[in-house]
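Inspection log for the structure reproduced underneath, given as structure tokens.
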Amino acid sequence: MKRILCYPKLTPVFNQGKKTQNKDNKRLGIGSIAVLLVLFASIISFFSIDGLLVGEYMFGTFIPTQYISIILFIIALYLSCKFKSDYGARIGKVLSIVCLIWMCILLITGYINFNNW
């Protein structure tokens, strides 16, 4: 009589006990607004028309557009971290971090150059 060996069901090493997240599970929500906030903040702070930034056309010269865009980047970062299961929240988080670092570098170098004159 032959003996039949029964092997246990093997699971891949990268998926042991963890739930895999399908792309179909993500939905539009508040975290998806982070991408739009990053896009809006980038437009008002980096694009210019006839020598004036778009933010200066929108808000005037009373409030510097760099501060408004930094506030919008921080809000986008908060929303993407708080609602990370929403569609586009991860890319909003990455973009807001990159743009925040870039804006802080620009502000610091601008202050250094302004004080050297």
Side-chain angles (χ1 to χ4, degrees):
M1 191 181 252
K2 290 187 178 181
R3 190 167 179 194
I4 299 174
L5 296 174
C6 294
Y7 294 104
K9 183 179 177 183
L10 298 175
T11 58
V13 175
F14 58 86
N15 193 17
Q16 288 183 352
K18 295 181 181 178
K19 291 182 179 179
T20 58
Q21 186 175 5
N22 296 334
K23 292 181 181 179
D24 299 331
N25 290 343
K26 293 194 175 194
R27 58 182 168 74
L28 290 176
I30 296 176
S32 304
I33 297 174
V35 178
L36 296 175
L37 280 175
V38 168
L39 182 68
F40 180 68
S42 299
I43 288 173
I44 67 169
S45 63
F46 296 129
F47 293 107
S48 63
I49 300 173
D50 295 331
L52 284 176
L53 292 173
V54 174
E56 291 174 357
Y57 279 114
M58 294 174 66
F59 305 114
T61 57
F62 301 112
I63 302 171
T65 57
Q66 289 82 11
Y67 297 127
I68 294 171
S69 62
I70 286 176
I71 290 169
L72 289 175
F73 288 137
I74 290 171
I75 292 171
L77 181 64
Y78 172 76
L79 288 177
S80 61
C81 288
K82 180 81 174 169
F83 302 100
K84 55 184 153 190
S85 63
D86 292 343
Y87 184 77
R90 184 174 179 196
I91 190 72
K93 179 181 175 183
V94 170
L95 286 175
S96 62
I97 289 172
V98 168
C99 290
L100 266 172
I101 291 171
W102 183 249
M103 285 298 294
C104 290
I105 290 171
L106 287 177
L107 279 175
I108 290 169
T109 56
Y111 284 136
I112 291 171
N113 288 336
F114 181 73
N115 288 333
N116 286 339
W117 286 97

Checklist entry - Transitively linked via ILVMFWY side-chain contacts under 4.5 Å: Ile43 with Leu53? => result no
Checklist entry - Is Phe83 reachable from Tyr78 through a run of hydrophobic residues whose side-chain heavy atoms are each under 4.5 Å from the next? => result yes
Checklist entry - Under a 4.5 Å side-chain heavy-atom rule over Ile, Leu, Val, Met, Phe, Trp and Tyr, are Leu28 and Ile33 clustered together? => result no
Checklist outcome for this item: In short, Arg27 meets Ser32 closest at the heavy-atom pair O-OG, 4.0 Å
Next on the checklist: Once side-chain contact (heavy atoms from CB on, under 4.5 Å) is applied, do any residues pair with Ile75, and if so which ones, sequence neighbours excluded?
Outcome noted: Leu37, Ile71, Leu79
Next on the checklist: Tell me every residue that passes side-chain contact (heavy atoms from CB on, under 4.5 Å) with Ile108, counting only those two or more places apart in sequence or in another chain.
Outcome noted: Ile112
Next on the checklist: Please enumerate all residues that pass side-chain contact (heavy atoms from CB on, under 4.5 Å) together with Phe62, with sequence neighbours excluded.
Outcome noted: none
Checklist entry - So which pairs with a foot in residues 39-49 pass side-chain hydrogen bond (donor to acceptor under 3.5 Å, both in side chains), sequence neighbours left out? => result none
Item to check | Smallest separation among heavy atoms of Met58 and Ile44, with atom names | outcome: SD-CG2, 3.7 Å
Checklist outcome for this item: Closest heavy-atom pair, Ala34 versus Ala76, reported as atoms and distance to 0.1 Å, is CB-O, 3.5 Å
Next on the checklist: Starting from Ile70 and following side-chain heavy-atom contacts under 4.5 Å between hydrophobic residues (I, L, V, M, F, W, Y), which residues can be reached?
Outcome noted: Val35, Val38, Phe46, Tyr67, Phe73, Ile74, Leu77, Ile91, Leu95, Ile97, Leu100, Ile101, Trp102, Met103, Ile105, Leu106, Leu107, Tyr111
Checklist entry - Atom CG in Leu36, atom CG in Leu72: separation rounded to 0.5 Å? => result 11.5 Å
Checklist entry - Got a second to check how far Ile68's CD1 is from Phe40's CZ, nearest 0.5 Å? => result 8.5 Å
